Structures are given as C-alpha cells and as structure tokens.
Amino acid sequence: MAYASKDLSVLAYANGFTLWHYTTPDAATDVDTAGYFNGAAGLLRAGDMMLANCAAGTVTPAAGMLVVASSSGGAVDVANLTPFGGTNSD
C-alpha cells in the first residue's frame with residue numbers, strides 16, 4: 001500500500017515541533033522506507049516524531065516511534081521504527 005493522508009493526525013504541536021500519529025495496515029519495514037511519506041512533505045519536518053501503529057489489523061501489528069530524519073525538497077525519510085511493547089511475558 002502507500003501513505004494515506006487520512007491516517008496521519010497531529011497529536012501535539014509546540015515550539016516548531018509536531019507529535020503525530022499514523023496508523024496503517026502497511027508493515028513497519030515499508031513505512032520507514034525513504035519516500036513513503038513524500039505525500040506529507042509539506043507537513044513533516046526533520047525532528048518531528050510520530051507514534052505509529054503499523055501492520056494494523058494484521059496478525060503481526062507493530063507499534064512504536066518514527067522520527068523524521070529529513071524532509072527537504074518534497075522528499076521525506078524517517079528512521080526505522082523504534083518498537084514499543086514488543087515483549088509480553090505473561
């Protein structure tokens with residue numbers, strides 16, 4: 001699939017920093033690929049953070065944080081997903 005603008009939401013904004021939320025059925029390895037968020041280049045700035053629910057609705061969902069590594073000239077690159085809650089031992 002591809003980036004869907006309807007699934008990107010602002011959670012907070014302060015001092016030139018934006019905290020976003022994004023949910024998608026796409027795998028984290030697809031979402032953190034350079035260019036995935038090019039459609040949001042006018043919104044995302046380097047250093048912005050994004051809480052992400054990747055592979056939502058699948059048998060292997062992944063939640064975590066994406067950091068916008070660069071956003072310039074219509075090209076966006078985010079760092080690899082830093083996962084949250086990956087282990088549940090009970």
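Each residue takes its place number in the sequence, starting with 1. Nothing here was measured: the structure is a model prediction, and the numbers come from that model.
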A.B. asks: Are Y3 and V78 connected in a single hydrophobic cluster, I mean Ile/Leu/Val/Met/Phe/Trp/Tyr linked by side-chain heavy atoms less than 4.5 Å apart?
C.D. replies: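 Both belong to a single hydrophobic cluster.
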A.B. asks: Could you tell me the separation between the CG atom of D7 and the OG1 atom of T24, rounded to the nearest 0.5 Å?
C.D. replies: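 Here the interatomic distance stands at 6.5 Å.
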A.B. asks: Would Y13 and V68 show up in the same hydrophobic cluster when neighbours are defined by side-chain heavy atoms closer than 4.5 Å?
C.D. replies: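 No, Y13 does not connect to V68 through the hydrophobic network.
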A.B. asks: Show which side-chain atoms of residues 38-57 pair as donor or acceptor with protein atoms under 3.5 Å away, not counting sequence neighbours.
C.D. replies:
{"unit_1": "N38", "atom_1": "OD1", "unit_2": "V76", "atom_2": "N", "d": "2.7"}
{"unit_1": "R45", "atom_1": "NE", "unit_2": "G16", "atom_2": "O", "d": "3.4"}
{"unit_1": "R45", "atom_1": "NH2", "unit_2": "G16", "atom_2": "O", "d": "3.1"}
{"unit_1": "R45", "atom_1": "NH2", "unit_2": "T18", "atom_2": "OG1", "d": "2.9"}
{"unit_1": "D48", "atom_1": "OD1", "unit_2": "T18", "atom_2": "N", "d": "3.2"}
{"unit_1": "D48", "atom_1": "OD2", "unit_2": "W20", "atom_2": "NE1", "d": "3.2"}
{"unit_1": "D48", "atom_1": "OD2", "unit_2": "R45", "atom_2": "N", "d": "3.1"}
{"unit_1": "N53", "atom_1": "OD1", "unit_2": "H21", "atom_2": "NE2", "d": "2.7"}

A.B. asks: Cut-off 3.5 Å, no hydrogens considered: what does the side-chain donor-acceptor table look like for residues 28-37, sequence neighbours left out?
C.D. replies:
{"unit_1": "D32", "atom_1": "OD2", "unit_2": "L81", "atom_2": "N", "d": "3.3"}
{"unit_1": "T33", "atom_1": "OG1", "unit_2": "T29", "atom_2": "O", "d": "2.9"}
{"unit_1": "T33", "atom_1": "OG1", "unit_2": "D30", "atom_2": "O", "d": "3.2"}
{"unit_1": "Y36", "atom_1": "OH", "unit_2": "Y22", "atom_2": "OH", "d": "3.1"}
{"unit_1": "Y36", "atom_1": "OH", "unit_2": "D26", "atom_2": "OD2", "d": "2.5"}

A.B. asks: In terms of hydrophobic clusters joined by side-chain contacts under 4.5 Å, are L8 and L11 together?
C.D. replies: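 Different hydrophobic clusters.
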